[in-house]
Engineer: 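Structure incoming, see below.
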Amino acid sequence: MSAAPEPRPSNFLRDIIAEDVKSNKHGGRVQTRFPPEPNGYLHIGHAKAICLDFGLADEFGGHTNLRFDDTNPEKEDVEYVESIKNDVNWLGFKWDGLYYASDYFGQLYEWAVKLLKDGKAYVDDSSAEEIRKNRGTLTEPGKDSPYRNRSVEENLNLFERMRAGEFPDGSRVLRAKIDMASPNLNMRDPVMYRILHAEHHRTGNKWCIYPMYDFAHGQSDSLEKITHSMCSLEFADHQPLYNWFIEQLGIFPSRQIEFDRLSLTYTMMSKRKLRQLVEEGRVSGWDDPRMPTLSGMRRRGYTPEAIRNFVTAAGVSRTNGIVELAMLEHFVREDLNKRSLRVMAVLHPLKVVIDNYPENQVEEMDAVNNPEDASAGTRKVPFSRVLYIEQDDFREDPPKGYFRLSPGREVRLRYGYFITAKSVVKNDDGDVVEIHCTYDPATRGGNAPDGRKVKSTIHWVSAAHAVDAEVRIYETLFSKENPDDVEEGGNFTENLNPLSLEVIASAKLEPSLAGAAAGNRYQFERLGYFCVDPDSVNQDSKPGKPVFNRTVALKDTWAKVEKKQGGKTQ
RNA sequence: UGGGCCGUCGACUAAUGGUAGGUCAAGUGCCUUUGGAGCACUUUGUCUAGGUUCGAAUCCUAGCGGCCCAGCCA
């Protein structure tokens, strides 16, 4: 945490909470909750909710619970609850209470009985189809169910038998008796309980009826004395129902406040569709580095700080917009720039032989680890007669404005020497496979005593000392800004970007990278930020061939200039 | 002639009814042993029409446009 308080742009959520604290509502107490359903992994969209729920409570000295909204046993699993806990912690938050909606099944049942006794609920024998028909439409009112006016005794008896398992799935539901003509569809006698003979990941087979979201969420908030229950905009239509149950039950009045979801260009935020990608094997798993999941981003090399800064900068409101992926990448670079050790790595090697450099000589050159952080110190990088440079850093026929190596041109090898290209060796296809150069011994370390300038500094790795590595380069998983933008009847998978993963099988790394631990982050100079993938460790838990993920590329002005020139220089 | 929510630079986001600000992007310049980064500067915006008000992005009305809602999902 920095000493100076960060200027926080206010937002309507903070204003509401500040107002409540000021007016001493709930004694000035602030209690929030983050309520994911454990039916998938958390993604960057959840990060916004997490930052809001935890961040806002923290600002006002309040508390935040992590509550699993596990009311649908058919979709939920412990694998997901574990991943969610892990991801929330990784993002940097600690919950005060850890709860499950399933903790409240008993209480919820009692409350349902109370509503039954009060004549505020009834058991409906209609089929799902009939209920749907009688619900009416957006413009026409619904019709009362023929079972709507059963006696309290009959309702109580039927509901008890529903719980006892006497009826098959789908045969009956418990409904709230509100108003079939309400303009708000959620108020047209919403279903409170459905019969589901399914094993729940926590309550096992204890229950065969499960409460719907609407009959569980507000009461769960109430039980936990949540003061500010923040959720996304699509629940705004549910707020009257949220309040209705709380009022009928006469319980603690939690307040629901809606805000807009985070949408990102080129990013799929639907948990259902992300699961589909995993299940169909279109990605390697929930933690595939191309996934927008927190576990995917973690593996990709994103930092929690970068994600938090991004979410804060993107802000919160009630407008429905979409944030550019470039903005996320900006915050990732900003954070990584400060903390990453610089190293040299060649992704597409081109052999360079320095003809006038002694055959068996090796020099240890001093290299700065992080120009942004003097305390990171320096390291030694071996220099020898045969090196690798990037194929992109040499052009036999340089286009206008190209500053790097070309025949007769002198460049600086970073922390090495000035070299001048003299001749090339080509293979049968005419490709340049080797460059012969000379070096100036007076320029050791990259300094020219005579003050002469070179236009370019390029990175390199000594061939004899290079560590071979696999490097995985990622592009967006989808090729369209909106992955759901498909023709009628189309499928979002059509928008999958076929080029989202490029594997470079044999990149050359400077020797300091040998045995780097999984998760370590580096900047490969001039290329981007990379981190060590867990795949670097082989089956026997021994270090194998290093595997690096490219987290994000460096901004590349040259590429931009080149593009602007319309490729005519190519 | 259903209800709810929302319209601010290219994008995103701010402004107790009182100077339309910030970030991203873009551009210009400086600097540079990463053509990175950094630093400085610059450009463009309140959907439309009325109304209330000394004063409206903000409040009201209408229009236009967008999003959400007809799961026994959350």
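Proteins get letters first, then strands, A, B, ... in listed order; numbering begins at 1 in each. These values consider heavy atoms only, across backbone and side chains, with no hydrogens, waters or symmetry-generated copies. Just so you know, these numbers come straight off a predicted model, no measurement behind them.
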Engineer: Between the protein and nucleotides 36-38 of chain B, which nitrogen or oxygen pairs are less than 3.5 angstrom apart?
Structural biologist:
residue: B:G36; atom: OP1; partner: A:Thr557; partner atom: OG1; Å: 2.7
residue: B:G36; atom: N2; partner: A:Asn337; partner atom: OD1; Å: 3.4
residue: B:G36; atom: N2; partner: A:Arg342; partner atom: NH1; Å: 3.2
residue: B:A37; atom: OP1; partner: A:Lys555; partner atom: NZ; Å: 3.2
residue: B:A37; atom: O2'; partner: A:Asn337; partner atom: ND2; Å: 2.8

Engineer: Just grab all the salt bridge (charged side-chain N to carboxylate O under 4.0 Å, His left out) pairs involving residues 171-183 of chain A, residues at least two apart or on different chains.
Structural biologist: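 Found A:Asp124-A:Arg175, A:Asp125-A:Arg172.
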
Engineer: What pairs with A:Glu37 under side chain to side chain donor-acceptor pair (under 3.5 Å), at least two apart in sequence or on another chain?
Structural biologist: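 Here the qualifying residues are A:Asn39.
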
Engineer: For A:Phe68, which residues count as a ring pair (Phe, Tyr, Trp, His ring centres under 6.0 Å) partner, sequence neighbours excluded?
Structural biologist: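 Scan of A:Phe68 (ring pair (Phe, Tyr, Trp, His ring centres under 6.0 Å), adjacent residues dropped) gives A:Tyr100.
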
Engineer: If the condition is ring pair (Phe, Tyr, Trp, His ring centres under 6.0 Å), which residues does A:Tyr41 pass it with, not counting sequence neighbours?
Structural biologist: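 In terms of ring pair (Phe, Tyr, Trp, His ring centres under 6.0 Å), with neighbours along the sequence ignored, A:Tyr41 is linked to A:Tyr80, A:Trp286.
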
Engineer: Suppose you measure atom P in B:C47 against the same atom in B:U8; what distance do you get, rounded to whole Å?
Structural biologist: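 Here B:C47 and B:U8 have their P atoms 6 Å from each other.
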
Engineer: Taking side chain to side chain donor-acceptor pair (under 3.5 Å) as the test, write out the residues that go with A:Asp484, two or more places apart.
Structural biologist: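 With neighbours one apart ignored, the set is A:Lys273.
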
Engineer: Ring pair (Phe, Tyr, Trp, His ring centres under 6.0 Å) with A:Phe548: which residues, sequence neighbours excluded?
Structural biologist: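 Only A:Phe524 meet the ring pair (Phe, Tyr, Trp, His ring centres under 6.0 Å) criterion with A:Phe548.
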
Engineer: Under 4.0 Å between any heavy atoms, over every strand shown, what does A:Arg404 touch: base, sugar-phosphate, or nothing? Just pick one.
Structural biologist: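 The answer is base, as A:Arg404 lies within the cut-off (heavy atoms under 4.0 Å) of a base atom.
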
Engineer: Please list, chain by chain and in numerical order, all residues satisfying side chain to side chain donor-acceptor pair (under 3.5 Å) with A:Asp87, sequence neighbours excluded.
Structural biologist: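 For A:Asp87, the residues satisfying side chain to side chain donor-acceptor pair (under 3.5 Å) (neighbours in sequence not counted) are A:Arg298.
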
Engineer: Summarise how protein sits on nucleotides 64-74 of chain B as a single string, 5' to 3': B when a protein heavy atom is under 4.0 Å from the base, S for sugar-phosphate-only contact, - for no contact.
Structural biologist: --BBBBBSBSB

Engineer: Requiring both pairing distances under 3.5 angstrom, list the stems that contain RNA chain B and are made of three or more consecutive Watson-Crick or G-U pairs.
Structural biologist: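 When the pairs of RNA chain B are grouped into runs of at least three, the stems are B:2-7 with B:64-69, B:10-13 with B:21-24, B:26-30 with B:38-42, B:47-51 with B:59-63.
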
Engineer: Quick one: list whatever passes side chain to side chain donor-acceptor pair (under 3.5 Å) with A:Asp15, sequence neighbours left out.
Structural biologist: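 Side chain to side chain donor-acceptor pair (under 3.5 Å) list for A:Asp15, sorted by chain: A:Ser10.
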
Engineer: By ring pair (Phe, Tyr, Trp, His ring centres under 6.0 Å), which residues pair with A:Tyr302, not counting sequence neighbours?
Structural biologist: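 Once residues adjacent in sequence are excluded, A:Tyr302 has no partner under the ring pair (Phe, Tyr, Trp, His ring centres under 6.0 Å) criterion.
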
